[in-house]
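One structure below.
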Amino acid sequence: MRIENATFVITGAGSGLGSACAERLVAAGGRVVLCDLSEGVQDQARRLGDAAIAVQGDVTSADDIQAVIDAAQAHGDGLAGVIHCAGVVSVAKLVDRHGNPADLDAYARTVQINLVGTFNVMRLAAAAMSQNPPGDDGERGVIINIASVAAFDGQVGQCAYSASKAGVVGMSLPAARELSRHGIRVMAIAPGVFETPMMADIPEDAVAALSQAVPFPKRLGKPDEFARLAEQIITNSMLNGEVIRLDGGIRMQ
Ligand SMILES: NC(=O)C1=CN([C@@H]2O[C@H](COP(=O)(O)OP(=O)(O)OC[C@H]3O[C@@H](n4cnc5c(N)ncnc54)[C@H](O)[C@@H]3O)[C@@H](O)[C@H]2O)C=CC1
Ligand SMILES: C[C@]12CC(=O)[C@H]3[C@@H](CCC4=CC(=O)CC[C@@]43C)[C@@H]1CC[C@@H]2C(=O)C=O
């Protein structure tokens with residue numbers, strides 16, 4: 001799949017990994033529709049110029065995401081792909097230090113945004129892309145979902161987050177198998193620890209410890225390193241039905 005003059009939806013594009021993907025795709029000649037809950041996404045689109053537009057929306061809402069996809073179809077010649085970066089992290093023990101059980105609504109909220117939101121974006125994007133004229137090899141589109149190393153090595157306090165990301169991993173192969181008949185590829189990236197606003201409130205010594213836990217290089221990943229992998233997935237049509245860890249070799253304790 002080529003990037004030049006093709007249109008991509010990027011969710012979570014107001015910040016961190018999504019924002020870096022938007023910059024990279026525009027630099028490669030693509031058009032982007034940026035979706036985020038936060039209104040800051042409008043400024044991000046303005047910074048990127050005419051190739052970018054923003055549609056504020058919630059990935060868990062069918063109406064919001066349909067509006068994003070409609071905007072993408074109007075912004076170019078059909079929707080070529082989605083990089084679905086919107087997500088939230090949550091930390092809560094099953095039983096806290098006072099013996100209270102974890103909050104059930106908080107658990108459901110994380111799963112709703114990270115897992116149900118991913119399914120919502122995938123289903124609406126795939127329905128739109130299935131109507132595209134076929135390109136090389138009959139390709140009609142590509143979906144990149146974002147999991148996490150926490151899908152495989154979840155830490156204490158990450159029951160909700162790890163379950164939501166493991167669900168994203170679990171959906172990728174059946175989705176790729178099903179959508180192959182439409183020429184749509186599905187991939188997932190499982191990042192390790194990346195330097196984004198999601199990490200902003202973590203104390204310096206905790207960030208240093210996380211960096212030390214990476215075999216090589218001993219630092220947090222940079223958002224553009226993530227965006228470069230997303231770019232490779234878009235342009236390399238043999239990548240399908242797989243989850244790629246991008247983590248410097250870290251295995252969380
Ligand atoms: N930063 C890291 O170390 C890692 C991040 N990830 C995953 O990567 C993805 C991107 O994370 P970052 O860029 O680091 O986080 P971030 O917090 O910088 O960006 C996430 C964006 O998603 C948006 N968002 C949240 N809920 C939304 C909703 N319901 N609808 C629309 N937008 C919504 C937020 O407004 C925010 O702009 C997330 O799925 C995260 O779980 C995975 C592994 C490591
Ligand atoms: C630091 C902490 C736990 C983590 O390791 C995550 C971090 C937020 C960004 C991340 C996203 C991932 O998908 C992988 C894990 C992690 C680096 C979390 C913020 C608070 C968490 C904490 O303090 C745990 O005790």
Side-chain angles (χ1 to χ4, degrees), residues 9-23 33-44 54-65 67-68 82-93 109-121 144-169 188-214 219-227 229-230 243-248 250-253:
V9 162
I10 304 172
T11 71
S15 176
L17 303 183
S19 168
C21 288
E23 282 172 26
V33 177
L34 312 184
C35 165
D36 203 293
L37 258 189
S38 134
E39 65 183 41
V41 73
Q42 304 284 358
D43 292 335
Q44 168 74 351
V55 180
Q56 223 177 317
D58 183 337
V59 295
T60 66
S61 156
D63 289 349
D64 286 6
I65 297 307
V68 170
V82 177
I83 309 177
H84 174 51
C85 295
V88 290
V89 71
S90 61
V91 181
K93 290 189 175 172
R109 206 161 37 247
T110 300
V111 172
Q112 182 70 14
I113 296 170
N114 291 353
L115 180 56
V116 181
T118 300
F119 182 77
N120 188 38
V121 170
I144 304 175
N145 291 325
I146 316 309
S148 163
V149 292
F152 309 102
D153 1 297
Q155 298 173 292
V156 170
Q158 291 182 342
C159 275
Y161 186 69
S162 296
S164 69
K165 294 299 190 178
V168 172
V169 168
I189 302 175
V193 191
F194 275 71
E195 207 178 292
T196 72
M198 191 175 263
M199 294 292 297
D201 297 333
I202 319 293
E204 240 172 69
D205 54 343
V207 171
L210 282 166
S211 303
Q212 279 309 307
V214 184
R219 61 169 171 81
L220 271 49
K222 298 181 194 307
D224 187 58
E225 292 171 322
F226 174 90
L229 177 57
V243 181
I244 301 178
R245 285 182 74 128
L246 184 67
D247 62 6
I250 197 171
R251 298 295 177 268
M252 299 298 240
Q253 295 294 303

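Predicted, not measured: the structure shown is a model, and the values here were computed from it. First listed ligand is number 1; within each ligand, the first listed atom is number 1.
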Do any heavy atoms of Val89 fall under 4.0 Å from ligand 1? no
Min heavy-atom dist Lys165 to ligand 1 below 4.0 Å: yes
Would you mind checking which non-hydrogen protein atom is closest to atom 2 (C) of ligand 1, with the distance to 0.1 Å? Phe194 N, 3.6 Å
Any side-chain heavy-atom pair of Val214 and Asp247 under 4.5 Å: no
For Cys35 and Gly57, work out which heavy atoms get closest and say how close. SG-O, 3.9 Å
Residue from Ser148, Ser90, Ser164 passing side chain to side chain donor-acceptor pair (under 3.5 Å) with Asn114: Ser164
May I ask you to identify the nearest protein heavy atom to atom 10 (C) of ligand 1, giving residue, atom name and distance to one decimal place in Å? Cys85 O, 3.1 Å
So which protein heavy atom does atom 4 (C) of ligand 1 come closest to, and at what separation? Gly192 O, 4.0 Å
Taking only heavy atoms of Ser148, which atoms of ligand 1 are found under 4.0 Å from at least one of them? 42 (C), 43 (C)
Taking the side chain as everything from C-beta on, heavy atoms only, tell me whether Gln158 gets closer than 4.5 Å to Lys93. no
Is there side-chain contact between Val193 and Met252, with heavy atoms separated by less than 4.5 Å? yes
Would you say that Glu195 contacts Val207 through its side chain, given a criterion of any heavy-atom pair below 4.5 Å between the two side chains? no
What part of Ala147, side chain from CB on, backbone N/CA/C/O, both or neither, has a heavy atom under 4.0 Å from ligand 1? backbone
Can a donor-acceptor pair be found, under 3.5 Å and without considering hydrogens, that links the side chain of Lys165 to the backbone of Ile146? yes
Would you mind writing out a table of all protein N or O atoms found under 3.5 Å from any N or O atom of ligand 2, naming both atoms and giving the distance to 0.1 Å?
{"unit_1": "ligand 2", "atom_1": "5 (O)", "unit_2": "Gln155", "atom_2": "OE1", "d": "3.2"}
{"unit_1": "ligand 2", "atom_1": "13 (O)", "unit_2": "Ser148", "atom_2": "OG", "d": "2.5"}
{"unit_1": "ligand 2", "atom_1": "13 (O)", "unit_2": "Tyr161", "atom_2": "OH", "d": "2.5"}

Quick one, Pro191 and Leu17 - any side-chain contact, counting heavy atoms below 4.5 Å? yes
Near Pro191 (heavy-atom distance under 4.0 Å), the atoms of ligand 1 are 42 (C), 43 (C), 44 (C)
Could you tell me if any non-hydrogen atom of Gly57 lies under 4.0 Å from any atom of ligand 1? yes
Can you tell me if Thr11 has a non-hydrogen atom under 4.0 Å from ligand 1? no
Is the shortest heavy-atom distance from the side chain of Tyr161 to the side chain of Val89 under 4.5 Å? yes
For the student: nearest non-hydrogen atoms of Ile250 and Ala213, plus distance: CG1-O, 3.5 Å
Any donor-acceptor pair under 3.5 Å linking the side-chain atoms of Ser61 with those of Asp63? no
Can any side-chain N or O of Glu23 pair as donor or acceptor with the backbone N or O of Ala20 at less than 3.5 Å? no
Please report which non-hydrogen protein atom sits nearest to atom 29 (N) of ligand 1, along with the residue it belongs to and the distance in Å to one decimal place. Asp58 OD1, 3.0 Å
Donor + acceptor pair across side chains of Thr60, Gln112 (<3.5 Å): no
Is the shortest N/O to N/O distance between Tyr161 and ligand 1 below 3.5 Å? yes
Taking everything shown except Phe119 itself, do over 12 heavy atoms lie less than 6.0 Å from its CZ? no
Taking every non-hydrogen atom, the tightest pair across Val59 and Ile65: CA-CD1, 3.7 Å
A student checking ligand 1 against Gly12 at a 4.0 Å heavy-atom cut-off should list atoms 21 (C), 22 (O)
When you compare ligand 1 with Gly18, is there at least one nitrogen or oxygen pair between them that comes in under 3.5 angstrom? no
Of the protein's non-hydrogen atoms, which lies at the shortest distance from atom 5 (C) of ligand 1, and what is that distance? Met198 SD, 3.9 Å
For Thr196, which part has a heavy atom under 4.0 Å from ligand 1: side chain, backbone, both, or neither? side chain
Checking Thr11 side chain against Cys85 main chain: does a donor-acceptor pair fall under 3.5 Å? yes
Taking a cutoff of less than 4.0 Å between a non-hydrogen atom of the residue and any ligand atom, is Gly117 in contact with ligand 1? no
Atom 24 (N) of ligand 1 has as its nearest protein heavy atom Ala86 CB, 4.0 Å
If you have a sec, work out which protein heavy atom is nearest atom 25 (C) of ligand 1 and how many Å separate them, to one decimal? Gly87 O, 3.7 Å
Under 3.5 Å, N or O to N or O, is Val59 touching ligand 1 that way? yes
When you measure from the heavy atoms of Pro223 to every atom of ligand 1, does any distance fall below 4.0 Å? no
Any N or O of Ser15 that comes nearer than 3.5 Å to an N or O of ligand 1? yes
With a 4.5 Å heavy-atom cut-off, do Val55 and Val33 have their side chains touching? yes
Test of proximity, Val193 against ligand 1: N or O pairs below 3.5 Å: no
Residue Gly16 vicinity, atoms of ligand 1 by number, heavy atom under 4.0 Å: 13 (O), 18 (O)
I'd like to know if the side chain of Asp36 reaches the main chain of Gly14, judged simply by a donor and an acceptor atom lying under 3.5 Å from each other, with no hydrogens or angles considered. yes
Quick check on contacts: which atoms of ligand 1 are under 4.0 angstrom from a heavy atom of Pro197? 18 (O)
Taking Lys222 first and then Asp224, would you say they form a salt bridge - that is, a charged N and a carboxylate O separated by under 4.0 Å? no
Minimum-distance protein heavy atom relative to atom 34 (C) of ligand 1: Asp36 OD1, 3.4 Å
